[in-house]
There are 2 protein chains.
Amino acid sequence: MRADASRNREALLRAARRLLEEVGAEELSMDALAAAAGLGKGTVFRRFGSRAGVFVALLDESERTFQQAVLSGPPPLGPGADPVERLEAFGRHRLRFLAERGDLLRAAAADLDRTGGAPAAFTRLHLQVLLRAAGVRGDLEVLAFDLLAVLEAPLNHYVRGAPGLSPQRLADGWADLVHRVARP
Amino acid sequence: MRADASRNREALLRAARRLLEEVGAEELSMDALAAAAGLGKGTVFRRFGSRAGVFVALLDESERTFQQAVLSGPPPLGPGADPVERLEAFGRHRLRFLAERGDLLRAAAADLDRTGGAPAAFTRLHLQVLLRAAGVRGDLEVLAFDLLAVLEAPLNHYVRGAPGLSPQRLADGWADLVHRVARP
DNA sequence: AGCAGAAGCGGACTACAGTCCGCATCGTGT
DNA sequence: ACACGATGCGGACTGTAGTCCGCTTCTGCT
């Protein structure tokens with residue numbers, strides 16, 4: 001990438017973060033972003049491909065940090081703890097992240113092709129590995145897919161129909177579910 | 001509703017069904033729908049509120065039929081069978097419906113307020129009732145929410161990242177999950 | 001330094017969802 | 001039968017995501 005291009009990319013991300021605080025993810029328009037960065041709209045799309053791509057880029061660092069913590073951080077999230085405990089910790093962290101950055105994640109979710117799918121793939125694979133390590137038998141690929149769906153559920157809109165479900169209850173529910181699934 | 005209005009409503013639904021076959025849900029635009037029905041665009045929005053509302057209306061009959069089958073049809077979907085068997089049957093039916101009408105459901109999902117949320121609420125409640133009947137202990141509201149998420153998962157886009165998961169495997173995975181959860 | 005081609009840029013343009021409001025049509029009460 | 005308020009209608013208008021292409025700027029090479 002050319003030097004000016006990467007400077008522009010940074011300028012766009014900076015502008016995006018600022019707008020995000022000012023108006024929120026929902027209201028962030030690409031025209032506004034381009035204008036705020038003092039650039040043309042074409043440039044925004046060249047850099048990020050789509051509106052969702054902007055949010056994926058903004059989330060990138062957090063995702064990377066999370067993956068690092070999972071792969072080589074301290075237990076129980078990282079390696080070393082009992083697999084079922086790691087499953088529980090993984091879900092609790094993920095749900096907390098969703099509660100904090102749900103707006104960004106929702107805005108990024110529309111992106112099918114770019115990195116939007118990668119975190120989900122990572123999560124699914126990790127769940128599968130932990131299930132296997134926990135000695136769970138069965139079609140672990142599908143089971144991991146199902147558990148991923150549970151973790152992503154709070155992102156989806158039908159949550160609005162269940163306003164009584166606090167993050168705390170969801171997290172405890174996750175722990176309960178994991179223990180049920182992993183029961184010998 | 002005035003007679004002409006309800007005639008127009010039917011004309012719109014007929015046109016929508018035709019366009020659906022011709023171009024698919026994804027490509028169905030509101031301008032095209034209005035034109036195909038020989039009506040103005042404003043009329044479409046007056047009748048259905050939003051693009052998603054059109055799809056909700058198209059799904060309405062199927063949803064009603066499904067709910068009837070659940071509430072008063074023959075077992076194991078309807079009442080009379082063992083609750084765990086009913087859970088299993090419920091999920092299998094729902095997943096099959098998703099596989100068949102996924103495009104419509106996805107297009108209808110954007111609707112938060114209208115009937116879009118109602119089928120989810122019905123499903124969640126029904127799952128909760130069956131879990132209780134099966135003697136499952138714990139926070140059944142959250143557990144039902146989680147199981148709903150599993151059933152809705154195939155709608156979400158990240159499915160594309162898991163192309164190997166056939167409807168058959170998903171359905172068997174559901175049955176497996178339900179039995180794990182309901183184990184005494 | 002200067003050149004050539006690659007990479008990048010901007011903003012006009014398209015397509016689409018959703019809004020708005022002046023005009024037309026309906027149907028009810030008399 | 002008619003009048004008049006309520007209901008509905010159309011299509012121009014707005015705001016936004018995403019595309020396109022002629023022009024500009026960079027950069028590696030000589």
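In what follows, chains are A, B, ... by sequence order, proteins preceding strands, each numbered from 1. These values consider heavy atoms only, across backbone and side chains, with no hydrogens, waters or symmetry-generated copies. Being a predicted model, the structure only gives us computed values, none of them experimental.
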B:Leu33 CG to C:dG18 P: how many Å, rounded? 13 Å
In whole angstroms, how far is the P atom of D:dT24 from the CG atom of A:Leu39? 18 Å
Is the B:Phe66-B:Phe122 ring centre distance short of 6.0 angstrom? no
Please compare A:Met30 and A:Arg46 by the position of their nearest nucleotide in DNA chain D and report the one closer to 5'. A:Met30
Measure CG/B:Asn8 against P/D:dT7 and give the value in whole Å, please. 17 Å
Can you see if the side chain of B:Thr43 gets near the phosphate of D:dG8 - specifically, an N or O under 4.0 Å from OP1 or OP2? no
Within the modelled atom types, does a donor on one side and an acceptor on the other bring the side chain of A:Arg2 and the base of D:dT25 under 3.5 Å apart? yes
Counting heavy atoms not belonging to B:Arg180, are there more than 12 under 6.0 Å from its CZ? yes
Between C:dC9 and A:Arg47, is there an OP1 or OP2 to side-chain N/O distance shorter than 4.0 Å? yes
Whole angstroms only, please: what is the CG-C1' distance between A:Leu12 and C:dG8? 13 Å
Measure CG/A:Asp31 against C1'/C:dA12 and give the value in whole Å, please. 12 Å
How close or far is atom C1' of C:dA7 from atom CZ of A:Arg7, stated in whole angstroms? 14 Å
Closest-nucleotide 5' rank along DNA chain C - winner of B:Ala3 and B:Arg51: B:Arg51
Does a donor on one side chain and an acceptor on the other come within less than 3.5 Å for A:Glu61 and A:Thr65? no
Checking all strands, does A:Ala34 fall into the base, sugar-phosphate, or nothing category for heavy-atom contacts under 4.0 angstrom? nothing
Options C:dA17, D:dG8, D:dG10, nucleotide nearest the side-chain atoms of B:Asp4: D:dG8
Among the nucleotides C:dG18, C:dG27, C:dG8, which one has an atom lying closest to any side-chain atom of B:Lys41? C:dG18
Between B:Arg9 (CZ) and C:dC26 (P), how many Å, whole number? 20 Å
Tell me, please, whether B:Phe145 has B:Arg124 positioned over its six-membered ring: NZ or CZ under 6.0 Å from the ring centre and within 45 degrees of its axis? no
